[in-house]
Each structure stands twice: as structure tokens, then as C-alpha cells.
Protein chains: 2
Amino acid sequence: MTKPAQTTLRLTPRRQIILEILRERGHLDAYGLLELARRKDPRISLATVYRALAYFRERNLIQGRSFGEGRSHFEVHDAGTGAHAHFVCTRCGKVREVKGKFIRDMEALAQRERFRVTGAHLDLFGLCGDCAAR
Amino acid sequence: MTKPAQTTLRLTPRRQIILEILRERGHLDAYGLLELARRKDPRISLATVYRALAYFRERNLIQGRSFGEGRSHFEVHDAGTGAHAHFVCTRCGKVREVKGKFIRDMEALAQRERFRVTGAHLDLFGLCGDCAAR
DNA sequence: ATGCATGCAAATGTTTTGCATTATA
DNA sequence: TATAATGCAAAACATTTGCATGCAT
């Protein structure tokens with residue numbers, strides 16, 4: 001965390017594949033990513049997936065996170081603020097992305113707290129429509 | 001995720017120690033927890049820490065999460081809504097807890113989205129006061 | 001030629017588990 | 001006494017890395 005974020009971006013064919021999948025599908029873990037990537041290029045290895053993820057993360061293109069299930073999932077930052085929101089169903093585990101404008105309000109609060117915000121992430125836990133029905 | 005959350009709560013001496021530390025300090029990883037727990041009872045093992053964490057998580061007393069650094073950290077849910085907020089410094093990695101009322105606004109949004117919210121978690125990424133100063 | 005990118009397999013670090021033992025209802 | 005909790009060491013995963021090879025500049 002001492003080095004500044006890298007600026008150059010070398011998009012090799014495999015990195016392109018990985019980034020494209022991430023843009024289309026969002027919040028995937030490394031293995032899911034590998035599986036999808038192999039449909040486009042069967043020779044991609046898990047190591048390449050992880051290295052590409054690290055590469056993108058260093059350059060602030062993506063972000064990794066987990067809700068405590070043991071593995072990380074990854075997703076691209078939003079173009080603008082990097083703001084992001086999730087609905088996480090605590091019953092079936094489904095994760096759905098939601099975008100909202102309300103994040104600005106929190107940025108205001110953050111400023112008051114002497115915290116320069118570069119991105120925000122909101123997780124709402126509860127029951128999705130399907131699970132709430134039961 | 002198919003079973004309903006457990007309701008009985010057996011608080012053994014070691015579980016008490018672990019929960020107490022979590023209440024006092026919040027967002028600790030398993031090893032940090034082990035270290036602190038051993039000051040109160042040097043014979044506690046790592047397995048017990050992990051088992052206690054799983055036990056509390058099943059009963060919705062705590063929550064595990066990670067920001068992609070490879071290990072999970074754990075924290076107790078808030079008594080009321082389970083709402084929680086973090087400031088995560090992207091430079092030094094420091095995590096600070098913040099509580100806010102604005103979370104209600106998002107709950108309103110969630111209802112519109114057919115999502116019954118039981119808890120919310122907001123992460124704001126950026127630079128903490130110290131790091132922003134440099 | 002040189003510097004990355006990559007695959008493979010080995011190494012790491014975290015989290016989980018099997019089994020024997022101990023504590024508790 | 002029966003059930004659940006615990007320690008220890010082994011196992012299981014997810015993630016990272018070393019090394020040899022290949023690709024691109």
C-alpha cells in the first residue's frame with residue numbers, strides 16, 4: 001500500500017477476456033471467472049486469473065470483497081465515483097447489485113469526519129423477494 | 001443456508017471471552033482474536049476461535065467480511081437494525097467504524113425494491129485524515 | 001535481446017475437520 | 001451418563017509464487 005497506483009495498462013488477450021467477463025457479470029469469484037474465461041480460451045490458467053485480478057486491482061479498475069464465506073468475489077468499479085451497492089440475501093445468499101444516488105449524502109458526512117472519500121460501497125442484508133415470499 | 005438460524009445460545013467461558021472481545025474491539029481477524037483471547041485464557045486454541053465464530057454467525061450475533069486482503073474480520077451486529085458503517089483507508093488499510101442514521105433512507109429504497117432489509121453495511125473508501133495530510 | 005505474460009506445480013496462509021479428551025447439563 | 005465443547009494435528013481450500021517457456025516490443 002506504499003506504492004502509488006500503477007498507471008500503465010497493458011491489456012493482453014487474456015486480461016481482456018477477464019475484464020470483459022467482469023464487466024458483463026460482476027461479483028464473480030476466481031473459479032467462476034476461470035470457468036467462464038475458459039469458454040473463450042480453454043488454455044487460461046487459474047494463476048493467470050489471479051494475476052490479472054491483482055493487476056486490475058492495483059490499477060483501481062476492480063475491487064475484491066467477501067461477506068465472510070471464505071472466498072473473494074470481484075467486480076469493476078463504477079466509472080465515476082466508484083460507488084457501488086449490493087443487496088445480499090441472508091437466506092439464499094444471492095447478491096444483487098443496486099446503484100443509488102443517495103451515496104452523495106454519505107460523502108457529505110464523510111467530509112465532516114475528515115475522510116476523503118474515493119469510493120463507497122453499501123451492502124443491505126435481508127431477504128430477497130423470493131425468500132421473503134416463503 | 002437452508003436451515004433456519006439457530007435460537008439456543010450456549011455461552012461457554014471461552015465463547016464469552018471471544019464475544020466480549022468482539023464487542024469491545026470490533027473488526028478483528030481470527031488471529032488477532034486468538035491473541036487477545038489468550039491473555040484471558042492462554043489455553044484457547046485457534047480451532048475454538050473459528051468454531052466460536054461459526055457458532056455466533058449461525059445465530060446472527062456477528063458477521064464476517066473482508067475487503068479482499070485474504071482474511072476475514074469479524075464484528076458484532078448492532079443491537080437494533082444491524083446497521084453498520086466503515087471508513088476504509090485505501091492507503092494505510094486502517095478500518096474505522098462509523099454509525100449513522102442515514103441508513104434509514106436506504107431501507108426505504110430497499111422496500112421499493114422488494115427487499116426486506118434486516119441489516120445494512122456501508123463502506124466508504126478513501127484516505128483517512130493522516131494519509132490525506134501527506 | 002529484453003521485458004512481460006503465462007502455465008504448471010509447489011508453497012503459503014487461512015479456515016475447517018477428525019479424533020481423542022474434558023467439561024457440563 | 002449423555003451431549004456438547006475443546007485441543008491438537010491433519011486436511012482442505014483459496015491465493016500466491018518460483019521457475020521455465022513463450023510472446024511481443
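Being a predicted model, the structure only gives us computed values, none of them experimental. Residue numbering restarts at 1 for every chain, and letters A, B, ... go by the order of the sequence lines.
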Euclidean distance, atom [atom1] of residue [X] to atom [atom2] of [N] [Å, nearest integer]:
X: Glu35(A); N: dA14(D); atom1: CD; atom2: P; result: 13 Å
X: Arg14(B); N: dA4(D); atom1: CZ; atom2: C1'; result: 14 Å
X: Ile17(B); N: dG7(D); atom1: CD1; atom2: C1'; result: 15 Å
X: Glu58(A); N: dT16(D); atom1: CD; atom2: P; result: 11 Å

**Q.** Heavy-atom pair of closest approach, residues Leu11(B) and Gln16(B)
**A.**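 Heavy atoms only, the tightest pair is O-NE2, 3.2 Å.
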(Q) I want to check a possible cation-pi pair here: Arg51(B) against Tyr55(B), using under 6.0 Å from ring centre and within 45° of the ring axis as the test. (A)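 Pair Arg51(B)/Tyr55(B) does not count as cation-pi.
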Q | Donor-acceptor contact present, side-chain Gln63(A) to main-chain Glu75(A), <3.5 Å | A |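 Answer holds: no.
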Q | N/O donor-acceptor pair under 3.5 Å between Arg15(A) side chain and Arg10(A) backbone | A |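 It does hold such a pair.
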Let me check something: any side-chain donor-acceptor pairs from residues 31-39 of chain A under 3.5 Å, sequence neighbours excluded? List them with distances.
from: Arg38(A); atom 1: NE; to: Ile44(A); atom 2: O; distance (Å): 2.8
from: Arg38(A); atom 1: NH2; to: Ile44(A); atom 2: O; distance (Å): 3.0

**Q.** Terminal contacting nucleotides, 5' and 3', DNA chain C versus chain B (heavy atom, 4.0 Å)
**A.**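 Both ends considered, the range comes out as dT14(C) to dG18(C).
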(Q) Categorize Leu46(A) for me: base, sugar-phosphate, or nothing, with a 4.0 angstrom heavy-atom threshold over every strand shown. (A)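 If one applies the 4.0 Å heavy-atom cut-off, Leu46(A) turns out to touch a base.
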Q. Looking across every strand, which nucleic acid part, if any, lies under 4.0 Å from Arg51(A) by heavy atom: base, sugar-phosphate, or nothing?
A.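 If one applies the 4.0 Å heavy-atom cut-off, Arg51(A) turns out to touch a base.
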Q) For Thr48(B) and dT6(D), is the shortest distance between a side-chain N/O and OP1 or OP2 below 4.0 Å? A)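 Indeed not, no polar side-chain atom of Thr48(B) lies that close.
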